[in-house]
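This report concerns only the one structure given below.
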Amino acid sequence: MRVLFLGTPAFAVPSLEALAADPEIEVVAVITQPDRPAGRGRRLTPPPVKETAQRMGLPVRQFESIRANPEALELIRSTAPDVGVVVAFGQILPKEFFAAPPWGTLNVHASLLPAYRGAAPVVHALLNGDSITGVTIMRIDEGMDTGDILARREVPVPPDATAGELEELLAREGARLLVVTLRRYVSGELQPVPQDHAGATYAPRLPKEAARVDWSLGAWAVHNLIRAMNPRPGAFACFREQEVKLWRSVPPGAEQRAISSGRPGEVVGINREGVMVACGDGVLTLTELQLPGRKRVSGVEFANGVRLETGERFA
RNA sequence: CGCGGGGUGGAGCAGUCCGGUAGCUCGUUGGGCUCAUAACCCAAAGGUCGGAGGUUCAAAUCCUCCCCCCGCAA
């Protein structure tokens, strides 16, 4: 089977690797976004999928815009794929493109569609405190994640998982499901099932300001924000006129409620586990924080370094 | 040449502007206290202050170059 692959970030890498590793599949070409200025110094950096493809010796093409580029369609003609596979590519594809291969184009999405359509399904699942999420394999159509479903698989969310960790889990699970689903789909075993559009929810990319901690919320809500924003962009709060990043916290337990809480944002305790901060409801223990220009440190190290005392406040 | 912060005993930091025999919290080791403890008390060990030059009677501190780490931004 000849497959044309489109993807960009780390989430797409396991899928590409799984396809390339399957003896019955030939990845005829990999399309990804152009190298972008990234990191300190804004050096031009290739997307993870490009690096993976090159390492595996697969032909790579980079398009600023597939829609506006006739070369993209030409690529389909010249490589004659049986099916296209899109995983976190980052561009909307025109119908003439995704419908060109005989079996159309499939997509791996990091949620149980029709829940969390859009660019940031993992982040929203964590923000909402979901205990179960999953991956979906669907056929791409003209809408945003609205295509007919071929397969879905649930994945339990670990209570302390960060977005990065959960994304990695889902990327692996999605890759596995993609390969088996693709095979069954092309052999005619699978009938695409339309989504329940009435039950759709959306997961748009969030602005940076969404990562600011609101201490008046419950301890669980703050904890969910912290893990949803790890590794990017990092939940943050104000501490002594500076922006501190909050990278990790302990899932609030019953024992946290027992502590007499202070005003929201107030440090109510410091121990080996971390820094305990009062929230609108309950107390949250911060276990990994970072001052601007500094390294990430444990709660204890943070407290030692800044000579933290109970009664101080995060804002 | 995108903007900026930082490298000081095992860890996190102060001291650098206004050069003059290195300090804080934690940890470690020994001892004490206690029914007991990750709690408390006493004591000790542990640093060529990222590297190389330079200025100076004297450099963690001033100047030059190099290496490494990080925040913003994208």
Side-chain angles (χ1 to χ4, degrees), chain A residues 7-13 32-51 62-66 88-92 118-120 122-123 162-165 167 204-214 222 225-256 258-260 265-277 283-315:
Chain A
T8 304
F11 180 78
V13 170
T32 190
Q33 301 249 21
D35 295 5
R36 306 280 188 200
R40 220 167 285 121
R42 298 189 319 180
R43 279 182 298 283
L44 225 48
T45 305
V49 161
K50 180 185 181 183
E51 297 191 309
Q62 295 173 281
F63 294 112
E64 189 63 56
S65 165
I66 283 199
F89 177 51
Q91 287 185 32
I92 304 291
V122 176
V123 170
T162 64
E165 292 161 353
E167 198 175 287
R205 183 154 275 141
L206 295 172
K208 188 205 164 175
E209 195 50 31
R212 179 184 296 278
V213 171
D214 178 354
V222 176
L225 177 71
I226 288 174
R227 60 203 193 110
M229 295 304 163
N230 180 341
R232 225 177 342 189
F236 63 95
C238 194
F239 175 76
R240 295 185 188 168
E241 317 284 297
Q242 287 183 300
E243 258 187 23
V244 240
K245 295 270 191 185
L246 310 178
W247 292 113
R248 271 180 198 280
S249 51
V250 180
E255 75 283 354
Q256 312 263 359
I259 300 165
S260 60
E266 185 176 337
V267 176
V268 295
I270 302 164
N271 60 28
R272 299 133 296 269
E273 196 177 27
V275 179
M276 298 191 284
V277 181
V283 171
L284 186 65
T285 301
L286 307 175
T287 53
E288 187 174 301
L289 359 214
Q290 180 176 37
L291 254 7
R294 295 288 182 170
K295 279 192 295 188
R296 297 184 183 195
V297 295
S298 70
V300 182
E301 292 168 334
F302 176 82
N304 279 337
V306 304
R307 291 112 207 266
L308 184 65
E309 292 178 16
T310 59
E312 287 202 72
R313 294 188 62 174
F314 287 87

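What you are looking at is a predicted structure, and each value in this text was computed from that prediction instead of being measured. We name chains A, B, ... by the order of the sequence lines, and we start the count at 1 in each one.
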Roughly, in whole Å, what's the span from CG in A/Leu308 to P in B/A14?
-> 15 Å
P spacing across the pair B/U56 / B/C69, given as an integer number of angstrom | 35 Å
Provide the distance between the two P atoms, one in B/U21 and one in B/A11, to the nearest whole Å.
-> 26 Å
Paired with B/C13 by Watson-Crick or G-U wobble geometry, both distances under 3.5 Å: which nucleotide is it?
-> B/G23
Roughly how far apart, to the nearest Å, are B/G10 and B/A45 at atom C1'?
-> 12 Å
Can you tell me, in whole Å, how much space there is between the C1' of B/U28 and that of B/U34?
-> 23 Å
Determine the Euclidean distance between corresponding C1' atoms of B/G47 and B/G5; express it in Å to zero decimal places.
-> 24 Å
Can you tell which of A/Val267, A/Ile270, A/Asn271 makes a side chain to side chain contact (heavy atoms under 4.5 Å, CB included) with A/Met276?
-> A/Asn271
Give the rounded distance in Å between these two atoms: CG of A/Leu289 and C1' of B/C70.
-> 15 Å
Are A/Met229 and A/Leu206 side-chain neighbours, meaning at least one heavy-atom pair lies under 4.5 Å?
-> yes
Counting Watson-Crick and G-U wobble pairs only, both distances under 3.5 Å, name the nucleotide matched with B/U64, or none.
-> B/A52
Starting at CD of A/Glu209 and ending at P of B/C72, how long is that distance when rounded to a whole Å?
-> 14 Å
To the nearest Å, give me how far apart CG (A/Leu291) and C1' (B/G7) are.
-> 16 Å
Any chance you could lay out the side chain to side chain contact (heavy atoms under 4.5 Å, CB included) test for A/Asn304 and A/Val297, step after step, and finish with the verdict?
-> CA-CA 10 Å; A/Asn304 279 337; A/Val297 295; over 6 Å; no
Of A/Pro292 and A/Gly41, the one whose closest RNA chain B nucleotide lies more 5' | A/Gly41
Measure from the side-chain heavy atoms of A/Lys208 and tell me the nearest of B/C72, B/G71, B/C13.
-> B/C72
Using the C1' atoms only, state how far B/G50 lies from B/A73, rounded to an integer number of Å.
-> 27 Å
Expressed in angstrom and rounded to an integer, what is the separation of A/Glu241 atom CD from B/G71 atom P?
-> 22 Å
Any side-chain N or O of A/Lys295 under 4.0 Å from OP1/OP2 of B/G6?
-> no
Using a strict cut-off of less than 4.0 Å between a Lys/Arg side-chain nitrogen and an Asp/Glu carboxylate oxygen, indicate whether A/Arg227 and A/Glu167 qualify as a salt bridge.
-> no
Minimum-distance nucleotide to A/Arg42 side chain [options: B/A14, B/G2, B/C72] = B/G2
Can you tell me how far P in B/U25 sits from the matching atom in B/G71, rounded to whole Å?
-> 29 Å
Just how far, in rounded Å, is P of B/G27 from CG of A/Asn271?
-> 12 Å
Residues passing the ring pair (Phe, Tyr, Trp, His ring centres under 6.0 Å) test with A/Phe11, sequence neighbours excluded, are none
Summary of salt bridge (Lys or Arg N to Asp or Glu O under 4.0 Å) pairs that have at least one residue in residues 300-315 of chain A, sequence neighbours excluded = A/Arg240-A/Glu312
With respect to the side chain of A/Arg40, which nucleotide from B/A38, B/G71, B/A11 is positioned closest?
-> B/G71
Rounded to whole angstroms, how far apart are CZ on A/Arg240 and P on B/C13?
-> 13 Å
Watson-Crick or G-U wobble partner for B/A44, using a 3.5 Å limit on both distances?
-> B/U28
Side chain of A/Asn304 only, please: which of B/A73, B/A11, B/C13 is the nearest?
-> B/A11
Under 4.0 Å between any heavy atoms, over every strand shown, what does A/Arg296 touch: base, sugar-phosphate, or nothing? Just pick one.
-> nothing
Is the distance from OP1 or OP2 of B/C13 to the nearest side-chain N or O of A/Arg294 less than 4.0 Å?
-> yes
Ignoring the backbone of A/Arg272, work out which of B/C26, B/A73, B/A39 is nearest its side chain.
-> B/A39
Inter-nucleotide C1' distance (B/C3, B/A74), Å rounded | 12 Å
Do A/Val213 and A/Phe314 have side chains that get closer than 4.5 Å, going by heavy atoms?
-> no
Under 4.0 Å between any heavy atoms, over every strand shown, what does A/Gln290 touch: base, sugar-phosphate, or nothing? Just pick one.
-> sugar-phosphate
Under a 3.5 Å limit on both distances, the Watson-Crick or wobble mate of B/C72 is B/G2
For A/Lys245 and B/G71, give me the distance from atom NZ to atom P, rounded to whole Å.
-> 8 Å
